[in-house]
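Structure first, commentary second.
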There are 2 protein chains.
Amino acid sequence: MIVPPKNSSETNREYAFRVISENIISLEIEPGSMIGEQEIATALGLSRTPVHEAFLELSKSKIVDILPQKGCLVSMIDSDLIREARFLRITVETALVEDACELAKEEDLRELDDNLALQEFYLSKDADKLLALDNEFHKLIYRICNKMQCYYMVSLMSMHFDRVRSLSLHSVKDLKIVSDHRAIFDAIKKKDPAAARAAFQKHMARFDLDWNIISREYKQYISDNSK
Amino acid sequence: MIVPPKNSSETNREYAFRVISENIISLEIEPGSMIGEQEIATALGLSRTPVHEAFLELSKSKIVDILPQKGCLVSMIDSDLIREARFLRITVETALVEDACELAKEEDLRELDDNLALQEFYLSKDADKLLALDNEFHKLIYRICNKMQCYYMVSLMSMHFDRVRSLSLHSVKDLKIVSDHRAIFDAIKKKDPAAARAAFQKHMARFDLDWNIISREYKQYISDNSK
DNA sequence: TATTTTTAACTAGCATACAAGTTAGAAAAA
DNA sequence: TTTTTCTAACTTGTATGCTAGTTAAAAATA
């Protein structure tokens, strides 16, 4: 497990949650593996309590399954849960980009534009940075619409999707993702909800994961009920 | 605080979560009041640990706000959070009823129909029973679409809405709610997504809370940023 | 050898104790 | 009297120990 340093502003619980999440999404912790609270606590230099609380939160999205008196099972890659995460994200964000057309203020548009400029700058230079900017772009939409609670809920579920997202990112060109974002931005700027919806759905369609690819690449990690 | 008996199948944490939730939704615990973990733990005959964990979960939807070293603040009635809960629910369930048109199997339709028969039976007889059947009807839609994680997320947020729902229920006739449900059911049965969407949106429009009524009835409980 | 029983080493749920931060009021100083 | 300082009683965050349940391997039995 990769253990980054603790950010001074975060509590031990938040630190544990962040580290476990990152390791699950990066597949550093393998799907289907059992991890104990004590094991993680020792690795992070904490007691079991904050780690226990982090697992509780993770279990709410079924990304881990707490088996009482047995341990924490990191969920296998599950097509149903991925579909559910995708459904939630597309459904919510499609509605949001429409709303953003009337809610986005000048300053909001400037922030989106700044983000896009950075995306275009880092294109084919720094994939990690580009991914972070992508996430930030979507988060900005939630903020413009004053829907940050929804962002939290969608993010929690999205972990299932994030874990296999790299597979689609390889096939999809970054170039297209950034130009998609630009199209969404233009629609919001023009206050054209129909165009925003269309642009967003075109964008998300690129992430329609090919289950054949997933099951080939991650054969050993696929949950039984997905086969 | 009203303390129902502990269900034998639930853990202490689940029990604490259920009891606190019910008391917040019923306004038995007043919005804006501070409640301590020890206070609740004593009332439920538990230690602080499971109560602490229940509060952590509740804080994720901002229905309570944990102020470290100070206490747990039960959130004031907040128009932004109510709007967000409503947005999430309407957005997700509108998409679901469309999907349900192709996903509902014979057995699913029978379950919905049975539920509706009970709703019609209890109409103007038992308001509490009717409310439970209403919730069950919506939950069935999630189950038909295999979206139970979304149900959990939406439910958690809906607490903000549920807390003031009684105000709209008084003005809306139960008769209309049940006939709305029947219309949604008919559309799903006929596999007509457009009709299902229309029927559902008509249904939810009835719950477009009148902020004037809320602020009159719950004046003392309204959060500052809602005024 | 094959099967059952026992046991010892694990696990998470929970209770308890302590640490660290907040607050309200008493005591001291102006 | 008014202001400041201090203190004691709170709060949640976290560590630790105990309880009860699971598991797998050793030991006993067939």
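Side-chain atoms are counted along with the backbone in the values below, which use heavy atoms only and exclude waters and symmetry mates. Labels below follow one simple rule: chain letters A, B, ... track the order of the sequence lines, proteins then strands, and each chain is numbered from 1.
For the residue pair A:Ser26/A:Glu22, the side-chain donor-acceptor check at 3.5 Å is not satisfied. A donor-acceptor contact closer than 3.5 angstrom links the side chains of A:Thr42 and A:Gln38. Between the side chains of A:His52 and B:Glu53, a donor-acceptor pair is found at a separation under 3.5 Å. A donor-acceptor contact closer than 3.5 angstrom links the side chains of B:His138 and B:Arg89.
Atom-to-atom, CD1 of B:Ile66 to C1' of D:dG13 comes out at 10 Å; the value is rounded to the nearest Å. Rounded to whole Å, atom P of D:dA9 lies 17 Å from atom CD of B:Gln38. Taking atom CD on A:Glu53 and atom P on D:dT14, their separation rounds to 7 Å, with Å as the unit. Look at CD on A:Gln69: it is 11 Å from P on D:dA20, rounded to the nearest Å. As rounded to whole Å, 16 Å separates atom P of D:dC10 from atom CD of B:Glu37.
Atom CD of B:Glu28 has more than 12 neighbouring heavy atoms from other residues, nucleotides or ligands inside a 6.0 Å radius. Other residues, nucleotides and ligands contribute at most 12 non-hydrogen atoms within 6.0 Å of the CD atom of A:Glu107.
Each of A:Arg48 and B:Gly36 was assigned the nucleotide of DNA chain D with the nearest heavy atom; the assignment lying further toward the 5' end belongs to B:Gly36. Two residues, A:Thr49 and A:Phe55, neighbour DNA chain C, and the one matched to the more 5' nucleotide by heavy-atom proximity is A:Phe55.
Dashed line: the shortest gap from a side-chain N or O of B:Lys70 to OP1 or OP2 of D:dC10 is not under 4.0 Å. OP1 or OP2 of D:dG13 sits under 4.0 Å from a side-chain N or O of B:His52. When the side-chain nitrogen and oxygen atoms of A:Asn12 are compared with OP1 and OP2 of D:dT14, one or more of them lie within a distance under 4.0 Å.
Residue A:Leu56 is out of contact with every strand shown, counting any heavy-atom pair closer than 4.0 Å. Within the nucleic acid shown, B:Arg13 comes within 4.0 Å of sugar-phosphate atoms alone, with no base atom in reach, counting heavy atoms only. If you check every strand for non-hydrogen atoms under 4.0 Å, A:Leu73 touches nothing.
Between chain A and DNA chain C, the heavy-atom contact criterion of under 4.0 Å yields a 5' to 3' nucleotide range of C:dT11 to C:dG13.
Between A:Arg143 and A:Glu111, at least one side-chain N (NZ, or NE/NH1/NH2) sits under 4.0 Å from a carboxylate O, which counts as a salt bridge.
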